[in-house]
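Letters A, B, ... mirror the listed sequences (proteins, then strands); counts begin at 1.
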2 protein chains.
Amino acid sequence: MSTFPRKISDSTVRRSSLYLRVLEALELEGSDTVSSRVLAERVGATAAQVRKDLSLFGTFGTRGLGYEVTALRERLAEILGLSHEWPVALVGAGRIGSALFEYPNFRERGFQIVAILDSDPRKVGQSWDGIEIHSTRELERTIERLGVEIALLAVPASVAQGVADHLVESGVRGILNFAPTRLRVPPGVAVNEVDLALELETLSFVLEGGGRDGNPAPEDVAAGPEGESR
Amino acid sequence: MSTFPRKISDSTVRRSSLYLRVLEALELEGSDTVSSRVLAERVGATAAQVRKDLSLFGTFGTRGLGYEVTALRERLAEILGLSHEWPVALVGAGRIGSALFEYPNFRERGFQIVAILDSDPRKVGQSWDGIEIHSTRELERTIERLGVEIALLAVPASVAQGVADHLVESGVRGILNFAPTRLRVPPGVAVNEVDLALELETLSFVLEGGGRDGNPAPEDVAAGPEGESR
DNA sequence: GTACCTTTGTGAAGGTTTTCACAAGCGAAG
DNA sequence: CTTCGCTTGTGAAAACCTTCACAAAGGTAC
């Protein structure tokens with residue numbers, strides 16, 4: 001919907017998701033307002049960073065007071081596209097697919113798996129929690145019927161690109177890819193890669209001594225450093 | 001082991017993992033040498049980027065010819081800490097833990113799960129594929145006995161920090177965290193967060209219109225853009 | 001040995017993200 | 001109504017990362 005003056009960087013978006021979670025927690029804790037300093041502490045960033053990030057989206061704070069928790073939460077949720085539910089398709093009903101299906105945080109955050117697709121004839125026809133597994137041959141029809149725009153891609157690397165192409169043709173505009181392959185997609189389609197082996201490899205690099213003697217400066221306790229980041 | 005002149009950035013390490021995979025593939029395909037241009041095409045980067053990355057680790061190429069595939073593969077594997085096996089502990093034998101345990105890419109890339117820990121008494125004593133699930137009360141002893149330095153943390157967010165502290169005390173220096181919480185760890189310990197809901201949220205931001213009209217410039221075909229990055 | 005083609009390695013330039021530092025603004029108290 | 005303390009919003013500076021462009025150098029052909 002809304003478009004912003006400057007291009008918003010990926011890091012800003014990721015941090016904003018974290019701000020949103022903290023705001024939800026603060027609301028439950030009964031806070032009315034929150035300062036950039038407190039918000040920063042809770043997500044492990046700096047206060048200046050928080051203010052800069054939020055300022056890219058607009059002007060939300062009150063000088064001398066901070067940010068109104070509920071108002072900022074609502075506005076951030078809207079900006080991040082989380083003020084409504086997203087129907088999501090799960091493609092690939094193997095080990096990873098099944099773990100994703102059961103992952104409680106997706107539904108909690110508004111992402112609801114409404115379709116499951118797999119090419120294995122032995123799986124097609126089964127139901128998980130009331131949702132029938134369809135054949136990938138019915139992919140296009142299923143995606144279109146349910147108005148799915150986001151897909152979880154949990155198929156073997158060898159077929160990932162083909163399935164992705166098929167998804168895009170059917171109208172999917174966002175793919176969360178668990179196969180260890182870089183997907184090629186046309187402009188207008190967003191892909192996030194989740195590459196677990198790669199994550200472990202960056203750890204092994206640090207442990208092997210690549211990151212010098214381990215980790216940034218000790219610094220103070222509060223705004224402490226993370227071991228790694230993105 | 002080895003330490004490098006300049007601090008190596010996270011992005012460089014991540015790309016280097018990808019270079020390594022491409023080199024392995026090229027070796028199977030029978031290539032003797034590879035140019036930065038070809039390497040770049042295969043991972044979706046630029047040739048200059050590849051050369052810059054590799055130059056941070058040392059001088060490997062031959063002008064006019066490119067890089068010797070096998071030699072570079074070996075050297076990169078060594079640098080990334082992948083020239084030997086890593087014993088890994090899996091903490092949390094729930095849905096995610098079980099998917100991680102079955103994930104074939106870990107073992108393929110030298111990460112071998114040698115211990116499983118869970119606090120649920122109904123799970124303790126079970127065996128997965130010959131590996132017995134131990135109680136988290138035996139965490140320290142198990143970790144130490146097996147010389148584990150890397151742990152997969154797949155426990156609920158509410159207990160993640162406590163378990164992480166315990167892991168660090170027991171000698172773990174690298175944690176791949178699947179709980180949606182930022183972990184606080186002492187200097188010298190590396191943490192990578194895998195936050196699946198957050199990945200979906202960055203997608204929903206783009207779909208909602210945050211990323212302007214979708215995606216970077218179309219540009220040429222070869223060194224094509226990714227929909228998203230890190 | 002020389003000429004030519006190819007590709008590396010790398011300073012310098014360009015771009016992006018983070019941090020700094022401070023003026024401006026709001027609320028509360030007197 | 002004025003003062004004081006606190007916190008935002010934001011230009012400017014610093015740090016960081018990527019791309020450019022070219023000299024240097026290996027290989028090959030003759």
Show which side-chain atoms of residues 21-30 of chain A pair as donor or acceptor with protein atoms under 3.5 Å away, not counting sequence neighbours.
unit_1, atom_1, unit_2, atom_2, d
A/R21, NH1, B/D195, OD2, 2.8
A/R21, NH2, B/D195, OD1, 2.9
A/R21, NH2, B/D195, OD2, 3.2
A/E24, OE1, A/R109, NH1, 2.9
A/E27, OE1, A/R73, NE, 2.4
A/E27, OE2, A/T70, OG1, 2.9
A/E27, OE2, A/R73, NE, 3.3
A/E27, OE2, A/R73, NH2, 3.2
A/E29, OE1, A/R42, NH2, 2.7
A/E29, OE2, A/R42, NH1, 3.4
A/E29, OE2, A/R42, NH2, 3.1

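Note that OG of B/S204 and CZ of A/F111 are 4.0 Å apart. Values are rounded to the nearest 0.5 Å.
Between B/H84 and B/W86, the two ring planes are tilted [angle within 30° to 60°].
Applying a 4.0 Å cut-off to non-hydrogen atoms, none of the residues of residues 19-32 of chain B approaches DNA chain C.
Checked against salt bridge (charged side-chain N to carboxylate O under 4.0 Å, His left out), A/E78 has the following partners two or more places apart in sequence or in another chain: A/R75. For A/A48, the side-chain contact (heavy atoms from CB on, under 4.5 Å) partners at least two apart in sequence or on another chain are A/T46, A/R51. Applying the side-chain contact (heavy atoms from CB on, under 4.5 Å) criterion to B/R95, with sequence neighbours excluded, gives A/S98, A/E102. Remark: B/Y67 pairs with no residue by the side-chain hydrogen bond (donor to acceptor under 3.5 Å, both in side chains) rule, at least two apart or across chains. Among residues two or more places apart in sequence or in another chain, the side-chain hydrogen bond (donor to acceptor under 3.5 Å, both in side chains) test is passed with B/T181 by none. For B/S17, the side-chain contact (heavy atoms from CB on, under 4.5 Å) partners at least two apart in sequence or on another chain are A/L198, A/E201, B/L80. Residues forming a side-chain contact (heavy atoms from CB on, under 4.5 Å) with B/S35 (at least two apart in sequence, or on another chain): B/R37, B/V38.
Counting to the nearest Å, the C1' atom of C/dG9 and the CG atom of B/L56 are 11 Å from each other. Atom CG in B/D10 sits roughly 16 Å away from atom C1' in D/dT18 (whole-Å rounding). A/K7 has its NZ atom 15 Å from the P atom of C/dG15, to the nearest Å. As rounded to whole Å, 13 Å separates atom C1' of D/dT8 from atom CZ of A/F60. Separating the CZ atom of A/F57 from the C1' atom of D/dG9 is a distance of 15 Å, rounded to the nearest angstrom. Rounded to an integer number of Å, the gap from B/L54 CG to C/dT7 P is 16 Å. D/dC6 atom P lies 10 Å from atom CZ of A/R37, rounded to whole Å. With rounding to whole Å, B/L72 atom CG is found 15 Å from C/dT7 atom C1'.
Counting all heavy atoms, side chain and backbone alike, B/A99 lies closest to A/A99 at CB-CB, 3.4 Å.
In this structure, A/S36 reaches the D/dT8 phosphate: one of its side-chain N or O atoms is under 4.0 Å from OP1 or OP2. Considering only side-chain N and O atoms, B/S35 lies nowhere under 4.0 angstrom from the phosphate OP1 or OP2 of C/dT7. For C/dG9, the OP1/OP2 oxygens have a side-chain nitrogen or oxygen of B/Y67 closer than 4.0 Å.
With the end axes of the helix from C/dG1-D/dC30 to C/dG30-D/dC1 each set by five pairs, the angle from one to the other reads 0° at 10° resolution.
Pairs engaging residues 147-165 of chain B under the side-chain hydrogen bond (donor to acceptor under 3.5 Å, both in side chains) rule: B/E149-B/R173, B/Q161-B/D165 [sequence neighbours left out].
Toward the 5′ end of DNA chain C lies the nearest nucleotide of B/G58, the other residue of the pair A/Q49 and B/G58 mapping further downstream.
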Would you mind building the protein contact string for nucleotides 20-30 of chain D? One character per nucleotide, 5' to 3', B for base within reach (heavy atoms under 4.0 Å), S for sugar-phosphate only, - for untouched. BB-BBBB----
